[in-house]
*Asks:* 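Dropping a structure here in structure tokens format, bear with me for questions.
Below, all heavy atoms of this structure are taken into account, side chains as well, without hydrogens, waters or symmetry copies. Being a predicted model, the structure only gives us computed values, none of them experimental. Chain letters run A, B, ... following the sequence lines, proteins first, then strands; residues in each count from 1.
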Amino acid sequence: MNFHDKIRKQPHLGVGISCEFDGGTRALNIDALWLQKNFPEFIHFLEMGTDTSRGLDDHMQRWAATKLPSTYHFLDINLEEEEDLDEQWLSDTTALAQAVNAQWLCGDAGLWHFGTRERGHYLLLPPILNQSSANEMSRTIKSIQERSGYLVLPENPPAPAFVGPLHLLDYFARVIEKADCGFLLDCAHLAIFQAMRGHTPLDGLEDFPLDRVVEMHIAGGEEKSSHGFAYIDDTHAPTPLDACWEIFEYVLQRAPNLKAIVYECEHNHPSEVLPVFEKLNNYFPKQRSNAP
Amino acid sequence: MPHKALNRIVVRMLFDPEFQEAVYANPRKIMNPLGIPDDLQDSLLQNDRRAWNIDSQRRKRSLQGLMGEFPCSCALALSQTKQLADLDAFFSSSEFHKSVQNRGSMPLAFIQFLENLYRQQRITEKQYPDILQLENHKALARRALIQKPLPLKPNQIVRQQGVSSCALNSQVIASINLIENYLYELSLVPAIALCNDKPNFPELPPPPEDSFFLLFQPRDNDIGMSPVSIVIHDALDHLKKPIASPVFLKVMQQKGLTPQTANDLLDSLIRENLVVRASEAT
């Protein structure tokens, strides 16, 4: 079954919120169940970010028990390194995704750790933007899709520096075509890339296969400076930057297979994020849904 | 694959500003031997070098993780050098750089770095080698646990994954207890580091001539330790790699055990889950 056959069977999830393992113990954290109970018109699914060494926390398990939709966001596979994909990771990840009835697997595509999966090796790096890297990433994704049965959505990662001759969107267009997979477009991450490379927010989108965009992320960022170097920090603050909205609105109108939008905002006070949830639901209403 | 080699260069640059300088100053010298083509090298250098240093806490966070696995060795090292920079220097060391470039394990490279501190006489405390050896065994055992079991032929036996033993001086446990108590006391009030009446690092007992054997084995989701006899230590030492059980029994008889005692020993090792037979391992 190819991507287009698979995507026809996927439900329209609407707007959701993200969480990471034990996020509530590290910072202010919006309880997705509380938000869903009090504002059911705003939040329709939960994206669970975790890894095979930590598994599912209480928050994730409580959400799964409601049978509301979820997606599984991995934090521990280097899609750019074929050797990182081992049988243990695959079976553990598949089991976790099944335990929460996830619709698909997704996550930042690049490196989540350097070297082997080891304590202290954690770090999030974007891929090297060249053809050999795109080839390797596509093979890893293809293998996960075939062996797990799940649709895999690589996500464009954030970084203050990118290496390689290709534009980020050109790179991922090559990956998803070869892997025959969908794409998770993080609008805030793309806005960072465009700014770092001196592009306008929409550069490269005209030629990108937007029919592969299954999910979008939107989040706030902050303009910062380090030793005089200006950059955008992906802080997940409540207010998305203008460039992020510009990308979001452009893609929303042109992505026929878009099924889900995640507003990454869980570490803010609910009162600060509700207006954005309302706006997102106006843009992308759940009513189009055939999901539960 | 040039992108992999380049990724590892990027990781090394993120950790080591001196290495960054070297890459920007002599890119071809550093990256040509790794097979990274010129266009990729140039795309790396097009980035503003300040972009690599945004995360100013990266080394400290990583050092915290490493010190969590080797707490007593690190505390003992710092008690002698008095400079955090001496451990922080790991991220500029050849051990670190080799480990990253070869897709190795950073904690295991850190062990080599700590061993070198003693070899270079930066640390002279006599308990240090045994304390490091003990923490090293635990670190290796944790990693052995997640490795695939060794393939065994019929009739073969091997040490259970995560099981090992070593000889240590008889005061090493007392020394570790003293250091752990000291670290515990500091952890109760970390701001005590600012005070004149902070606790002093304990004086450790000198290593005596006599030694004992310590067994490491998986227990309670980590690695437990218990003293064992020299016979068990010898037996486990011969079972690092798979061997046929008759060969093992013969070796133990050559060491002075009767055939019956050697058989009983093997049975008890298997019963206590220290050794695994072919059928159990597969």
Side-chain angles (χ1 to χ4, degrees), chain A residues 52-53 78 80-84 86-89 92 110-137 139 158-167 171 192-193 195-198 224-234, chain B residues 1-15 17 20 35-56 58 61-70 90 96 99-110 139 142-143 146-148:
Chain A
T52 52
S53 70
N78 293 345
E80 199 189 5
E81 281 191 318
E82 273 181 301
E83 62 267 45
D84 204 44
D86 56 58
E87 204 54 53
Q88 190 69 49
W89 181 87
D92 289 352
L111 300 187
W112 276 105
H113 47 264
F114 59 91
T116 51
R117 204 170 285 118
E118 247 290 14
R119 70 166 71 185
H121 283 201
Y122 170 85
L123 123 168
L124 178 57
L125 275 186
I128 301 296
L129 302 174
N130 76 338
Q131 186 63 52
S132 70
S133 163
N135 290 344
E136 181 154 357
M137 184 179 290
R139 290 195 296 270
F162 290 84
V163 181
L166 298 177
H167 186 287
Y171 173 88
I192 292 171
F193 171 84
M196 290 295 111
R197 285 263 175 120
K224 293 186 176 175
S225 173
S226 169
H227 301 96
F229 174 69
Y231 69 101
I232 300 171
D233 194 0
D234 186 38
Chain B
M1 291 285 191
H3 63 276
K4 291 186 179 176
L6 186 53
N7 260 328
R8 293 165 195 170
I9 291 282
V10 169
V11 172
R12 294 164 63 190
M13 288 171 67
L14 286 168
F15 276 92
Q20 279 169 31
I36 299 169
D38 290 357
D39 66 325
L40 276 187
Q41 295 184 25
D42 295 342
S43 77
L44 173 75
L45 303 182
Q46 278 163 13
N47 285 288
D48 187 317
R49 66 180 69 187
R50 293 172 297 179
W52 308 112
N53 300 318
I54 287 171
D55 183 352
S56 59
R58 189 186 303 278
R61 267 200 322 275
S62 298
L63 189 56
Q64 182 201 29
L66 292 168
M67 291 180 75
E69 190 156 20
F70 309 100
F90 167 66
F96 170 78
S99 159
V100 174
Q101 202 62 48
N102 296 325
R103 201 172 186 266
S105 159
M106 182 168 67
L108 299 187
F110 189 58
R142 286 186 193 109
R143 281 155 187 82
I146 55 172
Q147 299 299 314
K148 278 186 185 170

*Asks:* Need one label for A:Q88: side chain, backbone, both or neither, based on atoms under 4.5 Å from any heavy atom in chain B.
*Replies:* neither
*Asks:* Is chain A contacted by the side chain of B:L40, its backbone, both, or neither, given a heavy-atom distance below 4.5 Å?
*Replies:*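 Both parts, backbone and side chain.
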*Asks:* Check whether any side-chain heavy atom of A:L111 sits under 4.5 Å from a side-chain heavy atom of B:V10, and report yes or no.
*Replies:*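 Answer no - side chains too far apart.
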*Asks:* Determine yes or no for a side-chain-to-main-chain donor-acceptor pair under 3.5 angstrom, with B:N47 supplying the side chain and A:F162 the backbone.
*Replies:*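 Yes, because the side chain of B:N47 sits within donor-acceptor range (under 3.5 Å) of the backbone of A:F162.
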*Asks:* Below 4.5 Å, heavy atoms only, C-beta onward: do B:M106 and A:F114 meet side chain to side chain?
*Replies:*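 Yes, close enough: below the 4.5 Å cut-off.
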*Asks:* Mind checking the CZ-NE2 spacing from B:R103 to A:H121? Nearest 0.5 Å is all I need.
*Replies:* 10.0 Å
*Asks:* Please name the pair of heavy atoms, one in B:P107 and one in A:E118, separated by the smallest distance, quoted to 0.1 Å.
*Replies:*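 So the minimum-distance heavy-atom pair works out to CG-OE1, 3.9 Å.
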*Asks:* Are A:E81 and B:N7 side-chain neighbours, meaning at least one heavy-atom pair lies under 4.5 Å?
*Replies:* no
*Asks:* Counting only non-hydrogen atoms closer than 4.5 Å, does A:Y122 touch chain B with its backbone (N, CA, C, O), its side chain (CB onward), both, or neither?
*Replies:*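 For A:Y122, no heavy atom lies under 4.5 Å from chain B.
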*Asks:* Which region of B:F15, side chain (C-beta onward) or backbone (N, CA, C, O), has a non-hydrogen atom less than 4.5 Å from a non-hydrogen atom of chain A, or is it both or neither?
*Replies:*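 Side chain of B:F15 only, per the 4.5 Å heavy-atom cut-off to chain A.
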*Asks:* Identify the two heavy atoms, one from A:G164 and one from B:S43, that lie closest to each other, and give their separation to 0.1 Å.
*Replies:* N-OG, 2.9 Å
*Asks:* Sort B:D55 into side chain, backbone, both or neither according to what part of it lies under 4.5 angstrom from a heavy atom of chain A.
*Replies:* neither
*Asks:* Checking salt bridge (Lys or Arg N to Asp or Glu O under 4.0 Å) for the pair A:E87/B:K148: CA distance, chi angles, key distance, verdict?
*Replies:* CA-CA 11 Å; A:E87 204 54 53; B:K148 278 186 185 170; over 6 Å; no
*Asks:* Output every pair passing salt bridge (charged side-chain N to carboxylate O under 4.0 Å, His left out) with a member in residues 121-130 of chain A, not counting sequence neighbours, ordered by first then second residue.
*Replies:*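 Output for this query is empty, none listed.
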*Asks:* Identify the heavy atoms of B:K4 and A:E80 that sit nearest to each other, and give their distance.
*Replies:*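 Looks like CE-O, 4.3 Å.
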*Asks:* Counting only non-hydrogen atoms closer than 4.5 Å, does B:L14 touch chain A with its backbone (N, CA, C, O), its side chain (CB onward), both, or neither?
*Replies:*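 Contact with chain A: side chain only.
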*Asks:* Rounded to the nearest 0.5 Å, what separates atom CD1 in B:I146 from atom CG in A:D86?
*Replies:* 9.5 Å
*Asks:* Report yes or no: do A:E136 and B:H3 form a side-chain donor-acceptor pair below 3.5 Å?
*Replies:* yes
*Asks:* Give, as side chain, backbone, both or neither, the part of B:R61 having an atom under 4.5 angstrom from any heavy atom of chain A.
*Replies:*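 Answer is neither: B:R61 stays 4.5 Å or more from chain A.
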*Asks:* If you count heavy-atom pairs within less than 4.5 Å of chain A, which of B:R143, B:M1, B:Q101 leads?
*Replies:* B:R143
*Asks:* Could you list the residues that satisfy side-chain hydrogen bond (donor to acceptor under 3.5 Å, both in side chains) with B:N102, not counting sequence neighbours?
*Replies:* none
*Asks:* Does atom CD of B:Q64 have more than 12 heavy-atom neighbours, drawn from other residues, nucleotides or ligands, at distances under 6.0 Å?
*Replies:* no
*Asks:* Any side-chain heavy atom of A:H227 within less than 4.5 Å of one from B:D48?
*Replies:* no
*Asks:* Of the listed residues (B:S105, B:G65, B:S62), which shares the most heavy-atom pairs with chain A below a 4.5 Å separation?
*Replies:* B:S105
*Asks:* Measure the spacing between CG of B:D39 and CG of A:N130 and express it to the nearest 0.5 Å.
*Replies:*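 Nearest 0.5 Å value for the CG-CG distance: 8.0 Å.
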